[in-house]
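Encoded as structure tokens, the structure appears first; notes follow it.
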Number of protein chains: 2
Amino acid sequence: MNYSTSEEDYIKAIYRLQENQSTVGTNELAAELKTKPASITDMLKKLKAKKLLHYQPYRGFRLNEEGTKVALTIIRRHRLWEYFLSEKLKFGWNEVHDIAEELEHVGSHTLIERLDKYLGFPRFDPHGDPIPDPAGKLQVVDQIKLTELPLDVKAKVSGVTDQSANMLELLKHRHIAIGTSIVVKKKFDFDQSVEIKTDRNSPFTISEQAAKNIYVQYEPRS
Amino acid sequence: MNYSTSEEDYIKAIYRLQENQSTVGTNELAAELKTKPASITDMLKKLKAKKLLHYQPYRGFRLNEEGTKVALTIIRRHRLWEYFLSEKLKFGWNEVHDIAEELEHVGSHTLIERLDKYLGFPRFDPHGDPIPDPAGKLQVVDQIKLTELPLDVKAKVSGVTDQSANMLELLKHRHIAIGTSIVVKKKFDFDQSVEIKTDRNSPFTISEQAAKNIYVQYEPRS
DNA sequence: TTATATTTTTAGACAAAGCTAAAAATTAAT
DNA sequence: ATTAATTTTTAGCTTTGTCTAAAAATATAA
């Protein structure tokens, strides 16, 4: 089945919201999509007719199996494009989102599969979020915060959550990027810092605060 | 200024048609866009209001300077994506058009400039059509048909116009692709064939008919 | 538990883009 | 130079996605 850009945006937003709550409300979704509640009700009727969600008027709604699969397909496209923009076109982690927001609606299945292959089947986007597989399944995340990594265990940087100028500056200065090999050498509890070492630096120290925003994974990227 | 997907499609189609004729007609454009004449009239009013074309009811129309610039910007996006799909994602020359038709409407200026850089500033798309420059100017084409290439002058394959299965088979078999170095050794007028040599083959002969569909350029790609 | 506040839905309108059928303008042809 | 044929435009309707204002349902609270 093929969905309009609008429908895709709704599906994606509902998916995002229902990750936390069990059921999503009209006002809430309206806020998320920066639109008005009346518009939500209209679209819900259409999506229900297309059997993508459970919905009883006044009772809230939730994506069903099919709707979830569609959502994950869109998220897959989004994150693969983010990875492309960041890795190949050298956009900053903070610039990729808006452009990917447009590219994700280009529907060709072959396009996405070839892109995936071209990129080397990445498993995480530049923000560290996992990329759903072609079947629309979200892989169990095997990435952890740098602060949770046991000492002297080699891992690879898979993403960061804090994209502030400071953080980006720090990462740039230390030559930390996605894929960088990294090891935690010591943890200094007394001043909340950790000593780390990458394959491009001699050991250095960063704040635990910063380290918490760096995600790493054990295995090499497949 | 920003234009809708529909507006962009109209502008591109008008540009295509007015390359031959001096002025374009409603029926003609309707056929090109597989839509109805009444829809054309509606859109023409909008495009005229946006000062993209000259248009007198019943008198035909033609893009003005601004409209032409917009058309070339869209064509630039289209052809850069075609190049990307063909060179990087290994799509066949015949598969790229439809996907590029969607990607071309993604508006980000930075995206296109970075893509251009990433691709190495290509000057021709996989069909051999020139890629307009960032200012929306079409470079004078310095490519010629293989049959027009003087003997023993080295050139590079820049595209083909015939994408029939036969032609693709021939090119594949002879290892002729975009960028392949090629020289014409002899022209056999008596049976309408030419002997050519590439950097990957000993000399061989193909029909003049086939050679006419192969475009080459003198200088190396910039 | 009845009144009040909040949330959600309905009703009716609007803009974009398209269509059909009918009217108007232009072109061609006797 | 009229008539006939063709092209183009207008008028009015449809769909998608949005909005505002009003009505209905649900939740909260004294």
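Throughout, a chain's letter reflects where its sequence line sits, starting with A, and its residues are numbered from 1. Scope of the values below: all heavy atoms of this structure, side chains included, with no hydrogens, waters or symmetry mates.
- Among A:Arg76, A:Glu82, A:Arg123, A:His78, the one residue that satisfies the side chain to side chain contact (heavy atoms under 4.5 Å, CB included) test with A:Ile131 is A:Arg76.
- Atom CE of B:Met43 is separated from atom P of C:dA15 by 16 Å (rounded to the nearest Å).
- When rounded to the nearest whole Å, the span between CD1 of B:Ile40 and P of C:dG18 equals 8 Å.
- A close approach under 4.0 Å does not occur between any side-chain nitrogen or oxygen of B:Lys36 and OP1 or OP2 of C:dA21.
- Ring geometry, A:Tyr118 versus B:Phe84: the interplanar angle exceeds 60°, so the pair is classed perpendicular (tilted spans 30 to 60°).
- Of the residues in residues 52-59 of chain A, those lying under 4.0 Å from DNA chain C by heavy-atom distance are A:Tyr55, A:Pro57, A:Tyr58.
- For the pair B:Lys45 NZ and C:dG18 P, the computed distance is 14 Å after rounding to whole Å.
- Here B:Tyr10 reaches the OP1 or OP2 of C:dG18: one of its side-chain N or O atoms lies under 4.0 Å away.
- Not one side-chain nitrogen or oxygen of B:Ser4 sits closer than 4.0 Å to the OP1 or OP2 atom of C:dA16.
- Atom CG in B:Asp42 sits about 10 Å away from atom C1' in D:dA11, given to the nearest Å.
- As a whole-Å value, the separation of A:Lys50 NZ from D:dT16 C1' is 10 Å.
- Using a 4.0 Å cut-off, no side-chain N or O of A:Thr35 falls inside it from OP1 or OP2 of D:dT18.
- Cation-pi geometry between B:Arg114 and A:Phe91 is met: under 6.0 angstrom from the ring centre, within 45 degrees of the axis.
- Applying the salt bridge (Lys or Arg N to Asp or Glu O under 4.0 Å) test to A:Asp9 and every residue at least two apart in sequence or in another chain returns nothing.
- The distance from atom OH of A:Tyr3 to atom P of D:dT16 is 15 Å, rounded to the nearest whole Å.
- A donor-acceptor pair under 3.5 Å is formed between the side chain of B:Arg62 and the backbone N or O of B:Gln18.
- A close approach under 4.0 Å does occur between a side-chain nitrogen or oxygen of A:Asn27 and OP1 or OP2 of C:dT8.
- Between B:Thr26 and the phosphate of D:dT7, there is no side-chain N or O to OP1/OP2 separation shorter than 4.0 Å.
- Checking B:Ser164 against B:Asp162 by side-chain atom types alone, a donor-acceptor pair falls below 3.5 Å.
- With rounding to whole Å, B:Leu29 atom CG is found 14 Å from C:dG18 atom C1'.
- The side chain of B:Thr41 places an N or O atom within less than 4.0 Å of a non-bridging phosphate oxygen (OP1 or OP2) of D:dT9.
- Using a 4.0 Å cut-off between charged side-chain N and carboxylate O, B:Glu101 and B:Lys12 make a salt bridge.
- In this model, the phosphate group of C:dA16 is not approached by any side-chain N or O of B:Ser6 to a distance below 4.0 Å at OP1 or OP2.
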